[in-house]
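Computed from heavy atoms alone, side chains included, the values below leave out hydrogens, waters and symmetry copies. FYI, the numbering just counts along the sequence from 1.
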Amino acid sequence: QVQPVESGGGLVQAGGSLRPSCVASGIIFSIATLGWYRQAPGKQRELVAVISSGGSTNYANYVKGRFTNSRDNAKNTAYLEMTSVKPEDSAVYYCSLGVAFRNYWGQGTQVTVSS
């Protein structure tokens, strides 16, 4: 029914920054817990960051201090501010909205970090 849409990925040099975004239906977005995941070729999908409907956040150890998760419910949009990026951050980044015992996944946006 509802599919989040990610955008804002791209090619960036190591040490640089990027800010992928995720947009979805306003009603669902505002009440959903939002998770950012990433998956690199040959690797398992891993959780990067989580932000609750109330705005509380959690981060994977490998991105703490470098990534910032935020949301703007008025714009039905979430952002993953990525700074000091590393080549190992290269992956497809996915947005997932969790609500009503369902997880709604986007198609992902590619982030490639060059060294």
Side-chain angles (χ1 to χ4, degrees):
Q1 180 195 348
V2 177
Q3 184 178 55
V5 179
E6 305 95 333
S7 62
L11 177 64
V12 62
Q13 290 185 311
S17 62
L18 208 62
R19 194 173 72 157
S21 63
C22 170
V23 62
S25 167
I27 294 175
I28 293 177
F29 185 92
S30 66
I31 64 174
T33 294
L34 188 146
W36 284 98
Y37 295 76
R38 69 186 186 187
Q39 187 167 27
K43 303 291 184 179
Q44 291 183 247
R45 183 174 296 181
E46 58 187 8
L47 180 63
V48 176
V50 174
I51 185 166
S52 73
S53 60
S56 62
T57 57
N58 285 287
Y59 301 92
N61 287 335
Y62 47 82
V63 304
K64 286 181 179 177
R66 299 190 298 117
F67 292 6
T68 301
N69 199 1
S70 65
R71 66 194 297 166
D72 186 343
N73 289 343
K75 297 181 178 180
N76 308 324
T77 305
Y79 305 92
L80 185 65
E81 183 74 29
M82 305 168 61
T83 61
S84 301
V85 295
K86 306 173 181 179
E88 51 263 45
D89 292 324
S90 297
V92 177
Y93 282 71
Y94 298 91
C95 174
S96 178
L97 300 181
V99 63
F101 306 105
R102 282 280 193 179
N103 290 314
Y104 300 93
W105 292 86
Q107 293 287 84
T109 185
Q110 177 71 51
V111 172
T112 303
V113 182
S114 62
S115 58

Return the [atom1] to [atom2] distance between [X] and [Y], rounded to the nearest 0.5 Å.
| X | Y | atom1 | atom2 | answer |
| --- | --- | --- | --- | --- |
| Asp72 | Ser30 | CG | OG | 11.5 Å |
| Asn69 | Ser56 | CG | OG | 10.0 Å |
| Lys64 | Asn58 | NZ | CG | 8.0 Å |

- Item | Verdict with supporting geometry, Arg38 and Val63, side-chain contact (heavy atoms from CB on, under 4.5 Å) | CA-CA 12 Å; Arg38 69 186 186 187; Val63 304; 4.2 Å; yes
If hydrophobic clusters are built from ILVMFWY residues whose side chains come within less than 4.5 Å, do [X] and [Y] share one?
| X | Y | value |
| --- | --- | --- |
| Tyr62 | Phe67 | yes |
| Leu11 | Met82 | no |
| Tyr79 | Leu34 | no |
| Val12 | Tyr93 | yes |

Heavy-atom closest contact ([X] atom, [Y] atom, distance):
| X | Y | value |
| --- | --- | --- |
| Ser96 | Asn103 | OG-CB, 3.9 Å |
| Ser115 | Ala14 | CA-CB, 4.3 Å |
| Ala49 | Leu80 | CB-CD1, 4.2 Å |
| Asn73 | Arg71 | OD1-NE, 3.2 Å |

- With side-chain contact (heavy atoms from CB on, under 4.5 Å) as the test, would you mind laying out the steps for Val2 and Phe29 before giving the verdict? CA-CA 10 Å; Val2 177; Phe29 185 92; over 6 Å; no
- Message: Cys95 vs Trp36, test: side-chain contact (heavy atoms from CB on, under 4.5 Å). Steps then yes/no.
- Response: CA-CA 5 Å; Cys95 174; Trp36 284 98; 4.3 Å; yes
- Message: Determine whether Glu46 and Gln39 satisfy the following criterion, side-chain contact (heavy atoms from CB on, under 4.5 Å), listing intermediate values before the conclusion.
- Response: CA-CA 6 Å; Glu46 58 187 8; Gln39 187 167 27; over 6 Å; no
- Query: Does a side-chain heavy-atom distance below 4.5 Å link Thr33 with Leu97?
  - Reply: no
- Message: With heavy-atom distances below 4.5 Å as the criterion, would you say the side chains of Glu6 and Ser21 are in contact?
- Response: no
- Query: So with a 6.0 Å cut-off around CD of Gln13, is the heavy-atom count from everything else above 12?
  - Reply: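 Result for CD/Gln13: open.
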- Are there more than 12 heavy atoms of other residues, nucleotides or ligands under 6.0 Å from atom CZ of Arg45?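 Atom CZ in Arg45 is packed in, count exceeds 12.
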- Task: Would you sort out whether Ser7 and Thr109 count as a side-chain hydrogen bond (donor to acceptor under 3.5 Å, both in side chains), showing the intermediate values?
- Result: CA-CA 6 Å; Ser7 62; Thr109 185; over 6 Å; no
- Query: Other than Tyr37, what residues sit in its cluster of Ile, Leu, Val, Met, Phe, Trp and Tyr side chains whose heavy atoms are under 4.5 Å apart, directly or through others?
  - Reply: Leu47, Val50, Val92, Tyr94, Trp105
- Query: Under 3.5 Å, is there a donor-acceptor pair between the side chain of Glu81 and the main chain of Thr68?
  - Reply: no
- Item | Side chains of Thr112 and Ser90, donor plus acceptor under 3.5 Å | no
